[in-house]
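Naming: A, B, ... by sequence-line order, numbering from 1 per chain.
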Amino acid sequence: MHDNKREMPWKGEKDPYRIWLSEVILQQTRVEQGWHYYTRFIENYPTIRELAAAPDQEVFKCWEGLGYYNRCRNLLSTARTIAFQQNGEFPVQYEDILALKGVGPYTAAAIASFAYNQPYAVVDGNVFRVLARFFNIGTAIDSTAGKQEFSALANEVLDRKQPAFFNQAIMDFGATVCKPVAPLCASCPLRSECAAYHNGTVNQLPVKEKTLNRKHRWFYYFLFEYEGKWLVQQRSAKDIWQGLFEFYLLETEAAMKWDQASVSQWLGEQMGIRKATLVSVSPVSVQQLTHQQIKGQFIHVQLLSIPASLKTQQWLRPAEVAGLAFPKFITQFLNGR
DNA sequence: AATGCGGGGGC
DNA sequence: GCCCCAGCATT
């Protein structure tokens, strides 16, 4: 494992705040995708106190587009706990790090080893793959038994004299040589010791037992505009995009056909809106998520008055709307307008 | 133990 | 299309 290193802005970092931030950003996220988010966060919030003091929406706006938004909520919660209840001092003991919101076994081991050089092995997707292949282990990595087995094995093979270096190296090795698809076995320095290579099972490992099934949903967003203000609402349900903003949403089981007649009929019957102008109906947008496929349209409606049913909603000017975090499905539409 | 959570990139 | 990515929280 010599020249498989990848350069990253957080490498060699010893500040636990910066390590924690980078690791949370990188949960289930490719390095290239998280890189610029990390840079922006550090520019905006150089210390945990500044992050803790920032308004929720400002931080969500920084996270906008990165996905898995509960990470952002937990990030803020943990920052405020440390800044305001623990005198800004990041915990040092593994168990205390693990107890932080949004920090699981991987992130706790990463912080403990990188910041404090403590002997805790990281077990991420790379490590699962490298170990499964090197030792030719067919235990499913998404089973409880598999997680225990691989975690124990990772801690056995960990170089306890230089845990930070070892953890970095095994992840870089998995990302650059022992890749998921088309691994570089021909030039792999560990080939002669690799059990899966000798057994011809490299491409069958690691094993996963769970299969993905994808939900299909239709989101019809009504852009209600009144005197230059827009109706926005915050998603609060335990569902995708929790905490982000959106426009008035009509979710349906099946596709709908929206035209002048159907829009005004729906507005009248469902919303009690009689005086309105249909400005536009967008083409169908599609967003592919890991577990869902969202399809939908944006229906821009100019109101001449605000109906009772929408009086309690938030009506904001474009400048205010620009400060809110929206799902990619919506920002993509707004940017294309 | 099972489920849900974004978005992007490689093939 | 399908799989994977420096995973975690909730039920």
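Residue Arg129(A) places at least one side-chain N or O closer than 4.0 Å to OP1 or OP2 of dC5(C). In this model, the phosphate group of dG8(B) is approached by a side-chain N or O of Lys328(A) to a distance below 4.0 Å at OP1 or OP2. The side chain of Tyr68(A) places no N or O atom within less than 4.0 Å of a non-bridging phosphate oxygen (OP1 or OP2) of dA9(C). For Asn70(A), no side-chain nitrogen or oxygen approaches OP1 or OP2 of dC5(B) to under 4.0 Å. A sub-4.0 Å separation between OP1 or OP2 of dG7(C) and a side-chain N or O of Gln28(A) is present. Note on Lys179(A): every side-chain N or O is 4.0 Å or more away from OP1 and OP2 of dC11(B).
With dA6(C), dC8(C), dG6(B) as the choices, the nucleotide that has an atom nearest any side-chain atom of Gln27(A) turns out to be dC8(C).
If you find the closest nucleotide of DNA chain B to Phe326(A) and to Val181(A), the one lying nearer the 5' end belongs to Phe326(A).
Checking Gln233(A) against Gln314(A) by side-chain atom types alone, no donor-acceptor pair falls below 3.5 Å. No donor-acceptor contact under 3.5 angstrom links the side chains of Ser77(A) and Asn74(A), judged on distance only.
Evaluation of atom-type donor-acceptor distances gives a pair under 3.5 Å for the side chain of Thr290(A) against the base of dG7(B). For Gln33(A) and dG7(B), a side-chain-to-base donor-acceptor distance below 3.5 Å is present, hydrogens and geometry of angles not being considered. No hydrogens or angles were tested; on distance alone, a donor-acceptor pair under 3.5 Å links the side chain of Thr29(A) to the base of dG6(B).
Taking every heavy atom of residues 240-247 of chain A and every atom of DNA chain B, pairs under 4.0 Å involve Ile240(A), Trp241(A), by number.
Rounded to whole Å, the separation between the P atoms of dG4(B) and dA6(C) comes to 25 Å. dG8(B) and dC8(C) are spaced 22 Å apart, taking the P atom of each and rounding to whole Å.
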